[in-house]
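The sequence lines fix the lettering, A, B, ..., with proteins before strands; numbering per chain opens at 1. These numbers come from a predicted model, not from an experiment.
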Amino acid sequence: MANRSMTSHLAGHEAARGETPPDVRFIRVPSIAERKLGADYVAPIRLDPRVLDQMQSTIRTLETKYAEALSAQISMLQLLVEPSAKGDSEARSRLYSLSHDMRGLAGTFGFPLVGRFADSLCRYIENCHEEDWRDGSVLRFHVDAIRDAVDNPGTDPAITMETLNALERLIAATRGNRKMAG
Amino acid sequence: MNGDRAGAHADLFRRLKVLVVEDSGEMQRLLTALLASMGIGHVVVALDGARGLAAFAAECPDLIITDGAMTPMDGFEMTRRIRASDAGQAANPDVPILMISGHAGRENVTHARDQGVTDYLLKPLSAEMLYEAILAAVSRPIHFVETPDYRGPSPRRMLDPRRSES
């Protein structure tokens, strides 16, 4: 590493401002492309549309398979709400894991609304108290919204936004009630 | 883009070795398929941070793409260990580490930056976002800092997460 290290321009600027502690070194090394193709490598100005087309085609190929998997995952979510409310820790963990996968993947495969509801569900679970789990209603509303987003993809975006807002209000109200009670 | 540049571009991707650290089977399939469609020559997959560290030491990849949340070792801890000065031969200050995460909160992004993550990609992933991030990671000169405890991208820099436009 040392033989291709050099002081960076950044180092000069920060040092000039007196912001660099004495035990900090700034180092610049050639890009990976330069290391592999030589110092005369010139980075492309824009993305190669052919590569982008191939990538998008790959996503489309995987979409059908994902849609089938998603349907099965939503059915599983519906089954997991009840045992989760009854205290089954494995069911809770599985419910979060499935929601987390949906949050990450649904948008990529053409189900952006599923991704948004799953994101809301994940954030709710990440701060879930025992009372929230036992109540189960917020979980159920989320899972129903996810199912509805898949079954009715043409839903007016305004309605979707209102559903998301309503879920947020429900979460806030539930947690507000708990604070007042506790 | 002229023909020569496109050719160099394809040649570069063909020579790249990428380590994917991801515990979700669906996400693994998506990433490996997208990397293959970019023409990336060699893709290695590890299921969590600990296996990622082992694969990193064994394979010496040019680039790491990692999930954030994994068990038993997550992508943050794996990154911290790769950037730690006291990790000896396993330490590496300049390998680009792209973290893909569903957590958009500033505290997550800041935590990732502080561990030494190069770029932070918010889910949902798009083809364009992944392509742009990889190209930026491999085609720009790499700047890093060395302190007694840390060698990696400056933890004082601004790191804004990449978001899909759709």
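- Heavy-atom contacts from other residues, nucleotides or ligands closer than 6.0 Å to CD of A:E90 number 12 or fewer.
- B:R140 touches chain A through its backbone: at least one of N, CA, C or O sits under 4.5 Å from a heavy atom, while the side chain does not.
- Between the OG atom of B:S139 and the CD1 atom of A:I32 there is a distance of 9.5 Å, given to the nearest 0.5 Å.
- What you find for A:L62 and B:A33 is that their closest heavy atoms are CD1-CB, 4.1 Å.
- With chain B as the partner, the residue from A:K36, A:E126, A:Q54, A:K65 showing the most heavy-atom pairs under 4.5 Å is A:K36.
- For the residue pair B:A127 and A:L52, the shortest heavy atom distance occurs at C-CD1, 4.0 Å.
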- Query: Yes or no on side-chain contact (heavy atoms from CB on, under 4.5 Å) for A:Q73 and B:E26, after CA distance, side-chain angles and deciding distance?
  - Reply: CA-CA 12 Å; A:Q73 287 173 357; B:E26 301 264 15; 3.6 Å; yes
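- When all heavy atoms of A:I27 and B:E146 are compared, the closest pair comes out as CD1-CD, 3.6 Å.
- Nearest approach of A:T58 to B:S37, heavy atoms of both residues: OG1-CB, 3.2 Å.
- Without hydrogens or angle criteria, A:T108 side chain to B:L125 main chain gives a donor-acceptor distance under 3.5 Å.
- Both A:L70 and A:M76 are members of a single hydrophobic cluster when ILVMFWY side chains are connected at heavy-atom separations under 4.5 Å.
- Taken to the nearest 0.5 Å, the CE atom of A:M55 stands 9.5 Å off from the CD atom of B:E128.
- In this structure, B:Y131 contributes its side chain and A:D48 its backbone to a donor-acceptor pair below 3.5 Å.
- Interface remark: A:E63 contributes no atoms to any contact with chain B (heavy atom separation under 4.5 Å).
- Your options are B:L122, B:L30, B:T147, and the one with the most heavy-atom pairs under 4.5 Å with chain A is B:L30.
- Both A:L37 and B:L16 are part of a single hydrophobic cluster, where members link through side-chain heavy atoms under 4.5 Å apart.
- Separating the CG atom in B:D62 from the OG atom in A:S31 is a distance of 11.0 Å, to the nearest 0.5 Å.
- Annotation for A:R92: atom CZ counts as buried by contact number, over 12 foreign heavy atoms lying within 6.0 Å.
- With respect to B:K123 and A:D101, no salt bridge is recorded, no charged nitrogen being found less than 4.0 Å from a carboxylate O.
- For B:L34, the parts lying under 4.5 angstrom from a heavy atom of chain A are both the backbone and the side chain.
- In this structure, the separation between CZ on B:R29 and OH on A:Y66 is 11.5 Å, given to the nearest 0.5 Å.
- Under a hydrophobic-cluster definition in which Ile, Leu, Val, Met, Phe, Trp and Tyr are linked whenever side-chain heavy atoms come within less than 4.5 Å, directly or via other members, A:F141 and A:I159 are assigned to different clusters.
- Within the 4.5 Å cutoff, no side-chain heavy atoms of A:R25 are placed close to those of B:V145.
- Residues A:W133 and A:L167 share a hydrophobic cluster, clusters being chains of Ile/Leu/Val/Met/Phe/Trp/Tyr side chains in contact below 4.5 Å.
- Interface residue B:A137: only backbone heavy atoms are found under 4.5 Å from chain A.
- At a threshold of 4.5 Å between side-chain heavy atoms, the hydrophobic network of Ile, Leu, Val, Met, Phe, Trp and Tyr places A:M161 and A:I146 in one connected group.
- Within a 6.0 Å radius of OH in B:Y150, other residues, nucleotides and ligands contribute more than 12 heavy atoms.
- Atom CZ of B:R15 sits about 14.0 Å away from atom CZ of A:R35, to the nearest 0.5 Å.
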